[in-house]
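Written below as structure tokens is the structure these notes are about.
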Amino acid sequence: SGNIGIGTASPSQKLHVVGKGLFTDDIQLSQTNPRIDYGNSTAGALRFWSVDENSEKMRITSAGNVGIGTTAPSDQLHINNDASNSYATLRLEGANRGGIINFYNSSYPTNQILGDQSGNMYIATSGAFGSTTLSTKVTFATGGNVGIGTTSPNSELEVAGRAIVEKLEVARYSDPNVPTAVYIGRSANPIGQGGIFRLGSIQSSSTVNKIDEPFLITYSSGHWGAQ
């Protein structure tokens with residue numbers, strides 16, 4: 001048959017080695033779809049071993065889980081750093097860009113986490129099952145501002161839309177005993193241009209129909225009004 005056996009008298013392949021082999025250079029697979037087969041009909045793992053450090057660095061189990069720094073990966077990718085007081089790290093590096101993590105349900109995109117080259121981070125969702133497009137819902141700007149519903153927050157927290165807050169405390173961070181202020185309107189269009197500040201109750205969290213509006217302040221043409 002032309003098969004060569006080392007350590008076996010009945011080689012089943014072109015080269016059949018029973019035992020360890022030492023290669024001091026590359027191993028090249030040149031076919032269109034080459035394979036690396038392992039196993040002997042029993043559960044096992046393909047292991048990547050450092051001879052210099054006499055330790056295993058990575059393995060692929062028979063279940064398909066990949067372990068880096070662990071011999072018992074419990075997920076499809078399991079990264080472990082067992083050095084004392086150390087973090088396990090995952091690095092995504094683009095050419096003049098950052099990194100993207102995409103989440104899919106079959107062929108449908110569901111979520112995305114994107115970090116750009118400037119340090120901004122964007123969290124996007126599809127909004128509905130079966131949607132093929134994603135839109136950014138939360139933005140963490142590189143300067144520290146957080147935007148919900150906007151990708152360019154101009155304040156520490158900017159919400160484009162309604163916000164339901166169980167408790168809101170307005171105070172100076174440096175000294176909570178120093179008086180502070182509540183501003184209505186944007187810096188480019190303050191309430192001085194005309195606006196209404198309302199305090200009241202609503203029917204439910206899903207409607208803006210007001211039941212009661214006991215406190216109302218308006219500003220128009222340089223005059224304040226209250227009721």
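This chain uses plain numbering: 1 for the first residue, then up along the sequence.
Residues forming a side-chain hydrogen bond (donor to acceptor under 3.5 Å, both in side chains) with Glu156 (at least two apart in sequence, or on another chain): none. Residues forming a side-chain hydrogen bond (donor to acceptor under 3.5 Å, both in side chains) with Asn120 (at least two apart in sequence, or on another chain): Asp116. Looking at residues two or more places apart in sequence or on another chain, you find no salt bridge (charged side-chain N to carboxylate O under 4.0 Å, His left out) involving Asp75. With sequence neighbours left out, Ile27 forms a side-chain contact (heavy atoms from CB on, under 4.5 Å) with Phe23. Under the side-chain contact (heavy atoms from CB on, under 4.5 Å) criterion, Ala63 pairs with Thr61, sequence neighbours left out. With sequence neighbours left out, the side-chain contact (heavy atoms from CB on, under 4.5 Å) criterion links Ala88 to Ile79, Asn81. The salt bridge (charged side-chain N to carboxylate O under 4.0 Å, His left out) test applied to Lys57 returns Glu53, not counting sequence neighbours.
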Residue pair Phe140, Asn145: steps toward the side chain to side chain contact (heavy atoms under 4.5 Å, CB included) verdict: CA-CA 6 Å; Phe140 298 91; Asn145 292 349; over 6 Å; no

Note to self: Could you go through Asn3 and Gln13, starting from their C-alpha distance and side-chain angles, then the distance that decides it, and tell me whether this counts as side chain to side chain contact (heavy atoms under 4.5 Å, CB included)?
What the structure shows: CA-CA 6 Å; Asn3 292 348; Gln13 301 293 333; 5.5 Å; no

Assess the residue pair Ile113 and Asn102 against the criterion (side chain to side chain contact (heavy atoms under 4.5 Å, CB included)); give the C-alpha distance rounded to whole Å, side-chain angles, the decisive distance to 0.1 Å, and a yes or no. CA-CA 7 Å; Ile113 300 175; Asn102 288 317; over 6 Å; no

Exercise. Does the side chain to side chain contact (heavy atoms under 4.5 Å, CB included) test come out yes or no for Ile148 and Glu158, once each step is laid out?
Worked result: CA-CA 6 Å; Ile148 300 176; Glu158 181 174 340; over 6 Å; no

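The two residues Ala45 and Arg59 have their closest heavy-atom pair at CB-NH1, 3.7 Å. Between Leu92 and Gly99, the shortest heavy-atom distance links the atoms CB-CA, 4.0 Å. Between Pro109 and Ser126, the closest heavy-atom pair is O-CB, 3.4 Å. In this structure, Asn80 and Gly69 approach most closely via the heavy-atom pair ND2-O, 3.0 Å. The minimum heavy-atom distance linking Thr70 with Glu56 is given by the pair O-OE2, 4.1 Å. Ala160 and Gly149 make their closest contact through CB-O, 3.5 Å (heavy atoms, listed as atom of the first residue, atom of the second, distance).
Proximity of Thr125 to Lys137: side-chain heavy atoms (C-beta onward) are separated by under 4.5 Å at one or more points. Ser74 has its side chain out of reach of Asn65: every pair of non-hydrogen atoms, C-beta onward, lies at least 4.5 Å apart. In this structure the side chain of Val66 reaches within 4.5 angstrom of the side chain of Met58, judged on heavy atoms.
Sequence neighbours left out, the pairs with a member in residues 85-131 that pass ring pair (Phe, Tyr, Trp, His ring centres under 6.0 Å) are Tyr108-Phe129. Under the salt bridge (charged side-chain N to carboxylate O under 4.0 Å, His left out) criterion, no residue pair touches residues 19-31, with sequence neighbours excluded. Sorted by first and then second residue, the pairs that involve residues 89-101 and meet side-chain hydrogen bond (donor to acceptor under 3.5 Å, both in side chains), not counting sequence neighbours, are Arg91-Glu93. Sorted by first and then second residue, the ring pair (Phe, Tyr, Trp, His ring centres under 6.0 Å) pairs with a member in residues 141-172 form an empty list; sequence neighbours excluded.
Judged by distance alone, with hydrogens and angles left aside, the side-chain atoms of Thr139 form no donor-acceptor pair with the main-chain N or O of Ala141 at under 3.5 Å. Put simply, the side chain of Thr8 gets close to the backbone of Ser10: a donor and an acceptor are under 3.5 Å apart. Thr136 places no side-chain N or O within donor-acceptor distance of the main-chain N or O of Ile123, the cut-off being under 3.5 Å.
Apart from Val17 itself, the hydrophobic cluster it occupies contains Ile4, Ile6, Leu15, where clustering links Ile, Leu, Val, Met, Phe, Trp and Tyr at side-chain heavy-atom distances under 4.5 Å.
Val165 and Val159 fall into different hydrophobic clusters, defined by Ile, Leu, Val, Met, Phe, Trp and Tyr side-chain heavy atoms under 4.5 Å apart, directly or through other members. Under the 4.5 Å side-chain heavy-atom criterion for grouping Ile, Leu, Val, Met, Phe, Trp and Tyr, Phe48 is connected to Leu77 within one hydrophobic cluster. Cluster annotation: Leu90 and Ile60 are assigned to the same hydrophobic cluster (Ile/Leu/Val/Met/Phe/Trp/Tyr, side-chain heavy-atom contacts under 4.5 Å, transitive). Under the 4.5 Å side-chain contact rule for hydrophobic residues, Met121 and Val146 share a cluster.
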